[in-house]
Protein chains: 2
Amino acid sequence: MDNRKFEKISRALSDASRITVLQQFRKKQGCLYCAEITDMLDLTQPSISHHLKQLVDADLLIPEKEGRNVKYVLNQKVLDDYIDRLNAFKA
Amino acid sequence: MDNRKFEKISRALSDASRITVLQQFRKKQGCLYCAEITDMLDLTQPSISHHLKQLVDADLLIPEKEGRNVKYVLNQKVLDDYIDRLNAFKA
DNA sequence: TTTGAATATTTGAATGTTTCGATATGTTTA
DNA sequence: TAAACATATCGAAACATTCAAATATTCAAA
């Protein structure tokens with residue numbers, strides 16, 4: 001992971017709505033449907049779509065189309081790589 | 001660490017200059033002087049001061065005044081807490 | 001106690017982000 | 001095929017961030 005990608009992931013993580021979304025993945029074994037996410041945030045559908053795009057563009061979520069629904073899967077590998085970069089800051 | 005603090009740290013980490021600064025701490029055993037940081041970035045002094053303030057406000061760096069110089073120390077504890085929150089996203 | 005060096009704050013312009021309403025795209029079902 | 005549904009994109013308003021120039025503050029040394 002290069003610095004540009006680290007920066008992009010950090011930016012994706014720097015928003016209250018997106019943090020809330022990510023926290024819900026634990027309860028659902030790492031995958032959530034778009035509709036479930038829309039239900040849990042008090043935002044319009046386009047806003048939620050925008051936030052999800054940021055998380056997908058940062059590779060934190062992997063979208064999987066199922067008919068007219070979209071299932072988002074948490075990308076644990078990217079999360080682990082990001083954590084490795086954080087640990088590398090330490091002396 | 002609450003969500004607001006997690007968000008603040010993420011935002012502090014979402015800038016190329018600030019990432020560069022943090023990466024230098026490893027080479028210097030976790031502490032750097034303001035002047036060293038100013039030397040390594042191609043930005044004006046006020047801009048660098050502003051970036052350092054964001055890292056300090058996020059508690060990633062602890063400023064220690066030494067006469068008219070400032071020594072910045074990397075806050076490993078906050079980094080560890082942040083990593084714990086990231087791991088908590090995982091299923 | 002003035003001078004100079006190191007760092008911080010303020011200001012303003014340019015740019016980026018968040019949000020929403022409207023609309024578009026793609027998919028299932030009647 | 002038409003209607004209903006789920007999600008994405010567009011366009012614009014409100015707000016936040018970044019950067020540099022100018023200025024202020026703090027401290028050490030002369």
Side-chain angles (χ1 to χ4, degrees), chain A residues 3-25 28 31-75, chain B residues 2-25 28 30-75:
Chain A
N3 277 9
R4 193 172 311 166
K5 175 143 192 183
F6 181 87
E7 179 182 344
K8 190 167 198 170
I9 292 173
S10 299
R11 193 170 294 279
L13 294 172
S14 69
D15 176 89
S17 298
R18 296 194 289 267
I19 293 167
T20 299
V21 169
L22 289 170
Q23 284 172 330
Q24 300 306 309
F25 276 86
K28 298 280 187 168
C31 72
L32 275 174
Y33 284 89
C34 182
E36 295 180 285
I37 296 168
T38 302
D39 286 345
M40 75 199 202
L41 291 179
D42 194 17
L43 289 173
T44 61
Q45 181 269 322
S47 293
I48 288 165
S49 184
H50 167 76
H51 284 303
L52 290 173
K53 182 166 162 43
Q54 313 251 124
L55 291 171
V56 169
D57 286 352
D59 286 328
L60 285 165
L61 297 185
I62 300 161
E64 291 181 7
K65 220 165 175 194
E66 289 187 358
R68 61 186 170 193
N69 302 314
V70 177
K71 182 168 82 174
Y72 289 98
V73 179
L74 187 69
N75 188 348
Chain B
D2 62 7
N3 278 8
R4 190 170 314 166
K5 174 143 192 185
F6 181 88
E7 180 183 344
K8 190 166 198 170
I9 292 172
S10 298
R11 190 169 296 280
L13 293 172
S14 69
D15 176 271
S17 298
R18 295 192 291 265
I19 293 167
T20 299
V21 169
L22 289 171
Q23 284 171 331
Q24 300 305 310
F25 275 87
K28 298 281 188 167
C31 72
L32 276 174
Y33 284 88
C34 181
E36 293 180 286
I37 296 168
T38 301
D39 286 345
M40 75 199 201
L41 292 178
D42 195 16
L43 289 173
T44 60
Q45 179 271 322
S47 293
I48 289 165
S49 182
H50 171 75
H51 284 302
L52 289 173
K53 180 165 164 43
Q54 299 202 217
L55 292 172
V56 169
D57 286 352
D59 286 328
L60 284 165
L61 297 185
I62 300 162
E64 291 182 8
K65 238 180 156 176
E66 290 188 357
R68 61 187 167 188
N69 302 317
V70 176
K71 182 169 80 176
Y72 290 97
V73 179
L74 186 68
N75 188 348

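Computed from a prediction, not measured in an experiment: that's the story for all the values here.
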Separation of A:Asp15 atom CG from C:dT19 atom C1', in whole Å? 11 Å
Whole-Å distance between D:dT18 P and B:Ile48 CD1? 14 Å
To the nearest angstrom, the CD1-C1' distance between B:Ile37 and C:dA8 comes to 14 Å
Determine whether any donor atom in the side chain of A:Gln45 lies under 3.5 Å from an acceptor atom in the base of D:dA6, or the reverse, and answer yes or no. no
Rounded to the nearest angstrom, tell me the gap between atom CD in A:Glu7 and atom P in D:dT18. 9 Å
Test side chain to side chain contact (heavy atoms under 4.5 Å, CB included) on B:Leu22 and B:Leu61 and set out the steps. CA-CA 9 Å; B:Leu22 289 171; B:Leu61 297 185; 4.1 Å; yes
Atom CG of A:Leu41 and atom CD of A:Gln24: how far apart are they, to the nearest 0.5 Å? 8.5 Å
Separation of A:Tyr72 OH from A:Leu52 CG (nearest 0.5 Å): 4.5 Å
Scan A:Tyr33 against the nucleic acid and name what it touches under 4.0 Å (heavy atoms): base, sugar-phosphate only, or nothing. nothing
If you check the B:Pro46 side chain, which of C:dT19, C:dG21, C:dA8 turns out closest? C:dA8
Quick check on DNA chain D: between B:Lys65 and A:Leu52, whose nearest nucleotide comes earlier from the 5' end? A:Leu52
What is the separation between atom CG on B:Asn69 and atom P on C:dG4, rounded to the nearest whole Å? 19 Å
For A:Asp42 and A:Glu66, find the nucleotide of DNA chain C closest to each by heavy atoms; which residue's nucleotide sits nearer the 5' end? A:Asp42
Would you list the pairs meeting salt bridge (charged side-chain N to carboxylate O under 4.0 Å, His left out) in which at least one residue belongs to residues 37-55 of chain B, sequence neighbours left out? B:Lys53-B:Asp57
Of A:Arg11 and A:His50, the one whose nearest nucleotide on DNA chain D sits closer to the 5' end is A:His50
Once you apply a heavy-atom cut-off of 4.0 Å, does A:Leu43 come out as touching a base, just sugar-phosphate, or nothing? sugar-phosphate
Using Watson-Crick or G-U wobble geometry with both distances below 3.5 Å, tell me the partner of D:dA30, or none. C:dT1
Are B:Ser47 and D:dA20 close enough that a side-chain N or O sits under 4.0 Å from OP1 or OP2? yes
What is the distance from atom CG of A:Asp15 to atom CD of B:Glu7, rounded to the nearest 0.5 Å? 6.0 Å
Mind checking whether B:Gln54 and B:Leu60 have side chains closer than 4.5 Å, heavy atoms only? no
OP1 or OP2 of D:dA29 sitting under 4.0 Å from any side-chain N/O of B:Arg68? no
Check every strand shown and say whether B:Gln54 touches a base, only sugar-phosphate, or nothing at a heavy-atom separation below 4.0 Å. sugar-phosphate
Whether A:His51 contacts C:dT19 is assessed here as follows: a side-chain N or O lying under 4.0 Å from the phosphate OP1 or OP2. Is that the case? yes
In whole angstrom, give the distance that lies between atom CG of A:Asp39 and atom C1' of D:dA6. 12 Å
Given atom NZ of B:Lys71 and atom C1' of D:dT26, what is their separation to the nearest angstrom? 19 Å
So, does A:Lys53 get its side chain near the phosphate of D:dA8, meaning an N or O under 4.0 Å from OP1 or OP2? no
Could you work out which one of C:dT18, D:dA8, C:dC20 sits closest to the side chain of A:Tyr72? D:dA8
